[in-house]
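Starting from 1, each residue takes its place in the sequence as its number. Start at 1 and go down the list; that is how both ligands and their atoms are numbered.
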Amino acid sequence: MLTICDCGGQKPTPHPRVPLGLVSEHQVRKELGKINRAIPPREGTFKKVLVPGAGTEAAAAPTVRGGTGAEVGRGAPSRAAGPAGQHEGTGRGAASPAGKVPRDLTMSLYCRIAFRGKSFCCYRLLSTYVTKTRYLFELKEDDDACKKAQQTGTFYLFHSLAPLLQTSEHRYLVPRFSLSELERLLSKFGQNAQRIEDSVLIGCSEQHEAWFALDLGLNSSSSTHASLPKSEMETELKGSFIELRKALFQLNPVDSSLLFTAQSLLHWHDGHQFCSRSGQPTKKNMAGSKRVCPSNKIIYYPQMAPVVITLVSDGTRCLLARQSSFPKGLYSALAGFCDMGESVEEAVRREVAEEVGLELERLQYSASQHWPFPNSSLMIACHATVKPGQTEIQVNLRELEAAAWFSYAEVAAALKRKGTYIQQQNQSFPFSVPPKLAIAHQLIKEWVEKHACSSLPD
Ligand SMILES: NC(=O)C1=CN([C@@H]2O[C@H](COP(=O)(O)OP(=O)(O)OC[C@H]3O[C@@H](n4cnc5c(N)ncnc54)[C@H](OP(=O)(O)O)[C@@H]3O)[C@@H](O)[C@H]2O)C=CC1
């Protein structure tokens with residue numbers, strides 16, 4: 001296959017050879033016009049155009065930087081839009097000067113015409129998501145590419161695992177800094193720009209702007225970097241380093257998800273600076289997707305602990321529980337870490353039996369979530385139904401403070417924060433459920449919605 005792609009500013013690989021004598025410029029222009037009509041003009045949706053039949057994908061990656069598949073047609077100058085001239089080009093997004101057919105595009109068209117017998121369905125368009133994923137994969141694998149990406153990337157800053165946030169009308173904004181801004185900052189605090197190598201890759205934009213996170217408060221074993229003074233940095237950066245758990249409810253979901261990833265990765269690196277076999281300092285790769293012990297080459301990868309979280313129902317009520325550490329009145333679904341060797345199903349059955357003494361009959365997977373507190377967990381959320389007639393709860397007081405069955409009306413009210421009250425240690429507290437961001441909330445919401453639907457008259 002021959003590819004036109006945005007390969008993130010990397011050096012283009014040469015095209016497979018195509019016999020140039022096969023097609024005339026007129027044919028190329030005509031094909032451009034067809035592509036213009038065939039590709040829906042949704043900017044940012046498609047990035048790669050794979051043309052069947054010539055070479056392998058790996059062998060072909062010429063760059064049309066910043067140009068999406070849609071732009072290839074839409075942005076092409078009018079002279080390139082084919083002899084019919086229906087497509088008045090704007091020049092926007094075109095990868096070549098007006099009137100010239102972009103070289104990479106020409107190449108693909110030569111191939112396309114050469115394989116003209118095949119239908120348009122043979123053309124595979126890789127989505128922005130796929131190109132983004134492949135770009136991130138490359139940055140994780142290739143230290144040089146990752147270092148290069150830092151030059152155009154942006155950085156989230158942390159201090160001792162607390163992200164830098166700025167306040168705006170009861171919400172938190174998460175500022176990002178360019179490499180040059182970061183270098184200036186480090187130099188102002190008497191630090192070497194080499195510290196930037198302690199940063200970890202946490203994602204990228206659709207335009208392949210890589211995002212990194214750097215903790216200015218943690219020390220790394222492999223560097224001599226000292227922790228930078230928190231309050232002076234806050235003044236300089238016009239923000240505050242706020243514990244992520246406290247900031248959670250004033251962040252938008254996209255920011256919180258990125259900060260979850262960033263904090264978890266930074267935390268993992270902080271706790272894995274030495275090889276458990278040799279005792280020697282381990283070395284992080286540029287992206288922070290692994291650490292290697294230089295003496296014995298053991299590779300350490302960031303890990304999450306699998307946790308099952310289950311909303312148990314008896315058909316009409318759902319079972320919620322609380323630990324003494326929860327805020328007063330808050331009840332949640334049953335959660336617990338998976339034991340070594342267990343399947344998700346086994347872990348769910350064991351946890352429910354252990355914590356509330358019930359046996360499950362049916363189990364249904366719902367969704368999953370990465371949860372960074374206190375260490376990275378992969379939350380695997382399920383709905384379950386108890387065996388008929390087995391509804392008597394026996395609370396394991398070593399695990400839980402209380403557990404109870406709640407009716408649809410009670411749970412629906414708690415979701416809407418229209419508090420029912422609940423008795424706890426001879427006091428009454430508003431009954432509440434975990435906040436929206438937590439997967440426990442999603443499970444409870446799903447149960448309420450399902451219950452509402454099933455109780456509707458046919
Ligand atoms: N996002 C969400 O909706 C929710 C997330 N959670 C998360 O799920 C996780 C488990 O919940 P829960 O069981 O209630 O949590 P707890 O924090 O009560 O942990 C229960 C027990 O597990 C032990 N433990 C800690 N880490 C591990 C591990 N990696 N593997 C095995 N055991 C471990 C603890 O030991 P020790 O004595 O060392 O503390 C503790 O005895 C927690 O991280 C919690 O934050 C829970 C509910 C909702």
**Student:** Please state which part of Q323 comes within less than 4.0 Å of ligand 1, counting heavy atoms only: side chain, backbone, both or neither.
**Tutor:** side chain
**Student:** Ignoring hydrogens, tell whether any protein atom lies closer than 4.0 Å to atom 34 (C) of ligand 1; use the non-hydrogen atoms only.
**Tutor:** no
**Student:** Got R291 and Q273 here, is their nearest side-chain heavy-atom distance under 4.5 Å?
**Tutor:**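 Heavy-atom side-chain distance check passes, below 4.5 Å.
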**Student:** Flag F373 as yes when one of its N or O atoms lies below 3.5 Å from any N or O atom of ligand 1, and as no otherwise.
**Tutor:** yes
**Student:** Indicate, as side chain, backbone, both or neither, the part of A438 found under 4.0 angstrom from ligand 1 when only non-hydrogen atoms are considered.
**Tutor:**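 Both backbone and side chain.
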**Student:** Against heavy atoms of S377, which atoms of ligand 1 measure under 4.0 Å?
**Tutor:** 43 (O)
**Student:** Is atom 8 (O) of ligand 1 close to the protein, meaning a heavy atom under 4.0 Å from it?
**Tutor:** yes
**Student:** For atom 10 (C) of ligand 1, grab the closest protein heavy atom and report residue, atom and distance to one decimal in Å.
**Tutor:**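 Of every protein heavy atom, F337 CE1, 3.6 Å lies nearest to atom 10 (C) of ligand 1.
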**Student:** Please identify which atoms of ligand 1 are closer than 4.0 Å to at least one heavy atom of A305.
**Tutor:** 29 (N)
**Student:** Hey, can you tell me if F260 and F373 have their rings parallel, tilted or perpendicular (30° and 60° cut-offs)?
**Tutor:**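 Geometry flag for F373 against F260: perpendicular rings.
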**Student:** When you compare the side chains of E446 and S366, does any donor N or O come within less than 3.5 Å of an acceptor on the partner?
**Tutor:** yes
**Student:** Please list, in number order, the atoms of ligand 1 under 4.0 Å from a heavy atom of Q369.
**Tutor:** 1 (N)
**Student:** Taking heavy atoms and a distance under 4.0 Å, where does I309 meet ligand 1: side chain, backbone, both or neither?
**Tutor:** side chain
**Student:** As an exercise, identify every atom of ligand 1 less than 4.0 angstrom from a heavy atom of P374.
**Tutor:** 43 (O)
**Student:** Is the shortest distance from atom 38 (O) of ligand 1 to a protein heavy atom below 4.0 Å?
**Tutor:**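 Not a single protein heavy atom is under 4.0 Å away.
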**Student:** Heavy-atom contact under 4.0 Å between P434 and ligand 1?
**Tutor:** no
**Student:** Name the orientation class of the two ring planes belonging to H159 and F241 (parallel below 30°, tilted from 30 to 60°, perpendicular beyond 60°).
**Tutor:**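 Aromatic pair H159/F241 classed tilted.
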**Student:** Between Y408 and H451, is the gap from one ring center to the other below 6.0 Å?
**Tutor:** yes
**Student:** Tell me the contacting part of I439 for ligand 1: side chain, backbone, both, or neither, using a 4.0 Å heavy-atom threshold, strictly below.
**Tutor:**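 For I439, backbone and side-chain atoms both sit under 4.0 Å from ligand 1.
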**Student:** Salt bridge between K445 and E449, side-chain N to carboxylate O under 4.0 Å?
**Tutor:** yes
**Student:** Could you see which bit of A335 sits under 4.0 Å from ligand 1, with heavy atoms only: side chain, backbone, both or neither?
**Tutor:** both
**Student:** Side-chain contact, heavy-atom cut-off 4.5 Å: L360 with V386?
**Tutor:** yes
**Student:** Hey, does P163 have a side-chain heavy atom less than 4.5 Å from the side chain of V174?
**Tutor:**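 With C-beta onward as the side chain, the pair stays apart.
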**Student:** Taking only residues two or more places apart in sequence, or in another chain, which ones meet H267 in a side chain to side chain contact (heavy atoms under 4.5 Å, CB included)?
**Tutor:**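 H267 satisfies side chain to side chain contact (heavy atoms under 4.5 Å, CB included) with L161, N375 only.
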**Student:** Is atom 18 (O) of ligand 1 in close reach of the protein, with a heavy atom under 4.0 Å away?
**Tutor:** yes
**Student:** Could you please spell out the steps behind the side-chain contact (heavy atoms from CB on, under 4.5 Å) verdict for I444 and L320?
**Tutor:** CA-CA 9 Å; I444 295 168; L320 299 173; 3.9 Å; yes
**Student:** Identify the protein heavy atom lying closest to atom 3 (O) of ligand 1, giving its residue, its atom name and the separation to 0.1 Å.
**Tutor:**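 Minimum-distance protein heavy atom for atom 3 (O) of ligand 1 reads A440 N, 3.0 Å.
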**Student:** So H208 and Y135, would you call those rings parallel, tilted or perpendicular, with 30° and 60° as cut-offs?
**Tutor:**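 The arrangement is parallel - the two ring planes meet at less than 30°.
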**Student:** Kindly indicate whether the side chain of H170, heavy atoms from C-beta on, has any atom under 4.5 Å from the side chain of Q250.
**Tutor:** no
**Student:** Using a distance threshold of 4.0 Å (strictly less than), state whether atom 31 (C) of ligand 1 has a protein heavy-atom neighbour.
**Tutor:** yes
**Student:** Test of understanding: given a 4.0 Å heavy-atom threshold, classify the contact between M379 and ligand 1 as side chain, backbone, both, or neither.
**Tutor:**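 Under 4.0 Å from ligand 1, M379 contributes side-chain atoms alone.
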